[in-house]
Trainee: 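Sharing a structure below in structure tokens format, with a few things to ask.
All of these numbers come straight from a predicted model, not from anything done at the bench. When reading the values below, keep in mind they use all heavy atoms of this one structure, side chains included, and skip hydrogens, waters and symmetry mates.
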Amino acid sequence: MLTVAGVVDAAGAALLKVVVPAGDAEVRDVTLAELDDATPGQSGDLVLGAGIATREQALAVVARCREAGAAGLVLKPPLAAHPDVTSAAAERRLTLVELQRHGSWAQLVWLLRGVIDRAVAPGSPETGEPGVYDELFALADATAAVVDAPVTIEDARSRVLAYSSRQDRTDPARVSTIVGRRAPGDVIAHFRSRGVFRKLATGSELIFVPQGPDGTLPRLIIPIRAGGELLGSIWAVVEGPVPEERLRDLQGTASVLALHLLRLRVQADVARRVSADRLRAVLRAPGGIGREELALAEGPWRVVALGAHGGTGEMVDNLALWESITRRHGWRQPLLADVGDVLFAVLVDGGTSPGSRRWMEKLIHDVAVHDPGLYAASGGVARDLTELPRSRAEAAELLALCAPAGRRGPVLRFEDQWAEVVVHRVVGAVPSGDLLVGGPLPVLVAHDREHGTDYVATVAAWLDQQGDPTRAARQLHVHPNTLRYRLRRLTEVVPVDLGSPRTRLALQIQLAALDRAGSAPRPAG
């Protein structure tokens, strides 16, 4: 569902901001407020107050918008912040949005029309609306004609969005950029060392970079900005300084491109938001949303919980990280959504194509060679949409159980870790204090705390390794004789019948309760 807040968030503070929030009404269309119209727009319309010039007119439109069931009203300053207008909007629970002073009503209509159309039938959030990308390639050709040089149009992250058809005068850096759809790391480093990205980030002046000693041809770089925000840049491979009249034409082209890039960004954000909302609803409780609406391949499926060590913990950062990784490895439309504080992906259980379980497992293992911070836990197989919430709950439980400590590898499957889950559920069903009511473990815990011994860790390692002293000693990073000595000494503190299967089971449950409570002592080794 596309809401007013969603439109504003996607457009960004450079263009729109919410002045009076009033719920999450759905936006179905955009319309202009007509002063002589008794009811501006219909239910679900986002009304644009392009012709509103006075306080009285604004108050009248606010009242009529509420009567018509409009989703929200957009005004320019100072009317958008007028106390009477904001009070009237708040009283009628109408979302009031401010279009920044530099914004054009015509540009906003063009932008919002594409955004709303895109939300009704969202395609790939990576590629955006095909027509807009066709226009970008046409603009790249037009720019190349103006500057008489091959050009690329790149976003603020140096990803290639479009390039001119003529690339007759290029160097290896340009070829690598076009083939890889983004500037390679060494190319970025080359231009960063010449201060290009610093100038792009802080100014709007055209940047000329002379030919480099490594054979890199000269570049003319034109920032693409909207409302002070850097949206991208034009990179032209030139022979030398460009005449002044052509530079003026290029700056005009950059202004047109700013609108296209803003529209693409908003459409991509809105499409991603709509897709995530639908997926989130299905992961919580399947209802009226079908497989086709989710752009979900035929099942069966698995829900996978995704995490990253050493991150900020912010969901938006985790989402951006996983979107970047999965798209870079071929999953053009990743099905990702957060539920609570966990990020999930829905994967096809069979096959090896992008978006499948085996593809994801290979991706994480491959990435883990260089970045061991990524991990995932998959729930059980879901054979229809109604089973996705169960698979999601299993994935989240397994992720919380095993992943934070980095145990058992970067990829976990529910059926492989069922024993851990069973013990965790048993421990979770009973308060820890009730499980630690007797037996040798509470005595050993107290002894360790008082004397600095490692008897609890010794028992835990011995149980983990099924009584194998060599492997248990290796787990504790001590000599096997040291382990045997500790086992003898701890039986002097309290009798422990480690030969009894029931005793071993009870101890393992108590150790799991200690671990869950965060009070298990760490071995000194």
Trainee: Among all residues two or more places apart in sequence or in another chain, which pass the side chain to side chain contact (heavy atoms under 4.5 Å, CB included) test with Ser353?
Mentor: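 Ser353 satisfies side chain to side chain contact (heavy atoms under 4.5 Å, CB included) with no other residue.
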Trainee: Sequence neighbours excluded, which residues qualify as ring-ring contact (aromatic ring centres under 6.0 Å, His included) partners of Phe344?
Mentor: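 Expected list: none.
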Trainee: Tell me the side-chain hydrogen bond (donor to acceptor under 3.5 Å, both in side chains) pairs involving residues 380-389, sequence neighbours left out?
Mentor: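 Qualifying pairs, neighbours excluded: Asp384-Thr386, Glu387-Arg390.
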Trainee: Roughly how far apart are Leu511 CG and Ile509 CD1, rounded to 0.5 Å?
Mentor: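 CD1 of Ile509 is found 10.5 Å from CG of Leu511.
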Trainee: Are the side chain of Arg392 and the backbone N or O of Leu283 linked by a donor-acceptor pair below 3.5 Å?
Mentor: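 Answer holds: yes.
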Trainee: Applying salt bridge (Lys or Arg N to Asp or Glu O under 4.0 Å), can you list everything that pairs with Arg489, at least two apart in sequence or on another chain?
Mentor: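 Expected list: Glu492.
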Trainee: Go through the structure and list residues passing side-chain hydrogen bond (donor to acceptor under 3.5 Å, both in side chains) with Thr95, not counting sequence neighbours.
Mentor: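 None.
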Trainee: Give, for atom CG of Leu441 and atom OG1 of Thr503, the distance between the pair rounded to the nearest 0.5 Å.
Mentor: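 Here the interatomic distance stands at 12.0 Å.
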Trainee: List for me each residue that meets side chain to side chain contact (heavy atoms under 4.5 Å, CB included) alongside Ala156, sequence neighbours excluded, and say none if there are none.
Mentor: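 For Ala156, no residue satisfies side chain to side chain contact (heavy atoms under 4.5 Å, CB included) once neighbours in sequence are set aside.
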Trainee: Calculate, to the nearest 0.5 Å, the distance between atoms NE2 and CZ belonging to His451 and Arg449 respectively.
Mentor: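 Result: 13.5 Å between the selected atoms.
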Trainee: Going by the rule side chain to side chain contact (heavy atoms under 4.5 Å, CB included), which residues pair with Thr470 if we only count those two or more places apart in sequence or in a different chain?
Mentor: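 So Thr470 forms a side chain to side chain contact (heavy atoms under 4.5 Å, CB included) with Asp468, Arg474.
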Trainee: Nearest heavy-atom pair of Ala71 and Val27: which atoms, and what distance?
Mentor: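 Heavy atoms only, the tightest pair is CB-CG2, 4.0 Å.
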Trainee: So which heavy atom on Ala382 is nearest to which on Ser391, and how close?
Mentor: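 So the two residues come closest at CB-CB, 4.4 Å.
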Trainee: Donor-acceptor check, side chain of His479 to backbone of Asn481, threshold 3.5 angstrom: yes or no?
Mentor: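 A pair under 3.5 Å: yes.
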Trainee: Between Arg504 (side chain only) and Leu498 (backbone N and O only), is there a donor and an acceptor less than 3.5 Å apart?
Mentor: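 Answer holds: yes.
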Trainee: So, does Glu394 use its side chain to make a donor-acceptor pair with the main chain of Gly380 at under 3.5 Å?
Mentor: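 Yes; at least one donor-acceptor contact below 3.5 Å.
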Trainee: Nearest heavy-atom pair of Gly379 and Ala395: which atoms, and what distance?
Mentor: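 For Gly379 and Ala395, the tightest heavy-atom pair comes out as N-CB, 3.5 Å.
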Trainee: Please find the pair of heavy atoms, one from Val348 and one from Glu298, that lie closest to each other, and give the distance.
Mentor: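 Closest pair (atom of Val348, atom of Glu298, distance): CG1-O, 3.8 Å.
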Trainee: Can you name the residues that form a salt bridge (Lys or Arg N to Asp or Glu O under 4.0 Å) with Asp464, not counting sequence neighbours?
Mentor: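 Once residues adjacent in sequence are excluded, Asp464 has no partner under the salt bridge (Lys or Arg N to Asp or Glu O under 4.0 Å) criterion.
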Trainee: What residues form a salt bridge (Lys or Arg N to Asp or Glu O under 4.0 Å) with Asp349, not counting sequence neighbours?
Mentor: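 For Asp349, the residues satisfying salt bridge (Lys or Arg N to Asp or Glu O under 4.0 Å) (neighbours in sequence not counted) are Arg302, Arg357.
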Trainee: Drop me the distance from Ile153's CD1 to Leu231's CG, to the nearest 0.5 angstrom.
Mentor: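 Going from CD1 on Ile153 over to CG on Leu231, the span is 12.5 Å.
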Trainee: Answer yes or no: is there a donor N or O on one side and an acceptor on the other, between the side chain of Thr482 and the main chain of Val478, under 3.5 Å?
Mentor: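 Answer holds: no.
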Trainee: Could you walk me through whether Leu73 and Val97 pass the side-chain contact (heavy atoms from CB on, under 4.5 Å) check?
Mentor: CA-CA 6 Å; Leu73 173 65; Val97 179; over 6 Å; no
Trainee: How far apart are the C-alpha atoms of Met360 and Thr326, what are their side-chain angles, what is the distance that settles it, and do they pass the side-chain contact (heavy atoms from CB on, under 4.5 Å) test?
Mentor: CA-CA 8 Å; Met360 177 66 84; Thr326 53; 4.1 Å; yes
Trainee: Could you grab the distance from atom CD of Glu361 to atom OG of Ser356, nearest 0.5 Å is fine?
Mentor: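 Reported value, rounded in 0.5 Å steps: 9.0 Å.
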Trainee: Looking only at the side chains, is there a donor atom on one of Thr453 and Asp448 sitting less than 3.5 Å from an acceptor on the other?
Mentor: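 Their side chains do contain a donor-acceptor pair, which is all the 3.5 Å distance test asks for.
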Trainee: Could I get the full list of side chain to side chain contact (heavy atoms under 4.5 Å, CB included) partners for Pro21, not counting sequence neighbours?
Mentor: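 Expected list: Val18.
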Trainee: Is Arg198 reaching over with its side chain to a backbone N or O of Arg192, donor-acceptor style, under 3.5 angstrom?
Mentor: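 No: the side chain of Arg198 does not pair with the backbone of Arg192.
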Trainee: Checking Phe197 now: which residues fulfil ring-ring contact (aromatic ring centres under 6.0 Å, His included) with it, not counting sequence neighbours?
Mentor: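 Residues passing ring-ring contact (aromatic ring centres under 6.0 Å, His included) with Phe197: none at all.
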Trainee: Which pair of non-hydrogen atoms, one from Leu399 and one from Leu306, has the smallest distance, and what is that distance?
Mentor: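 Minimum heavy-atom separation between Leu399 and Leu306: CD2-O, 4.3 Å.
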Trainee: Main chain of Val304, side chain of Ser378: is a donor-acceptor contact present, judged purely on distance under 3.5 Å?
Mentor: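 Not at all, since once roles are kept as given, no pair shorter than 3.5 Å links the two residues.
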Trainee: Going through the distances and angles, do Val459 and Leu444 end up as a side-chain contact (heavy atoms from CB on, under 4.5 Å)?
Mentor: CA-CA 10 Å; Val459 171; Leu444 293 178; 4.0 Å; yes
Trainee: Do you know the tightest heavy-atom contact between Thr352 and Trp359?
Mentor: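 That would be O-CB, 3.5 Å.
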Trainee: Inspect the contact between Arg28 and Asp45 and indicate whether a charged nitrogen and a carboxylate oxygen are less than 4.0 angstrom apart.
Mentor: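 Looking at Arg28 together with Asp45, the answer is no, because their closest N to O distance does not fall below 4.0 Å.
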Trainee: With sequence neighbours excluded, give me every ring-ring contact (aromatic ring centres under 6.0 Å, His included) pair touching residues 452-471.
Mentor: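 Applying ring-ring contact (aromatic ring centres under 6.0 Å, His included) to every pair that reaches into residues 452-471, excluding sequence neighbours, yields His447-Tyr455.
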Trainee: As an exercise, state the distance from CZ of Arg284 to CZ of Arg280, rounded to the nearest 0.5 Å.
Mentor: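 The CZ atom of Arg280 is 6.0 Å from CZ of Arg284, to the nearest 0.5 Å.
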Trainee: Given Trp301, which of Val381, Leu296, Leu335, Leu347 fulfils the side chain to side chain contact (heavy atoms under 4.5 Å, CB included) condition?
Mentor: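 The single option meeting the side chain to side chain contact (heavy atoms under 4.5 Å, CB included) with Trp301 is Leu296.
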Trainee: Report the C-alpha distance between Leu476 and Asp454 in whole Å, list the side-chain angles of each, state the deciding distance to 0.1 Å, and finish with yes or no for side-chain contact (heavy atoms from CB on, under 4.5 Å).
Mentor: CA-CA 10 Å; Leu476 293 172; Asp454 291 313; over 6 Å; no
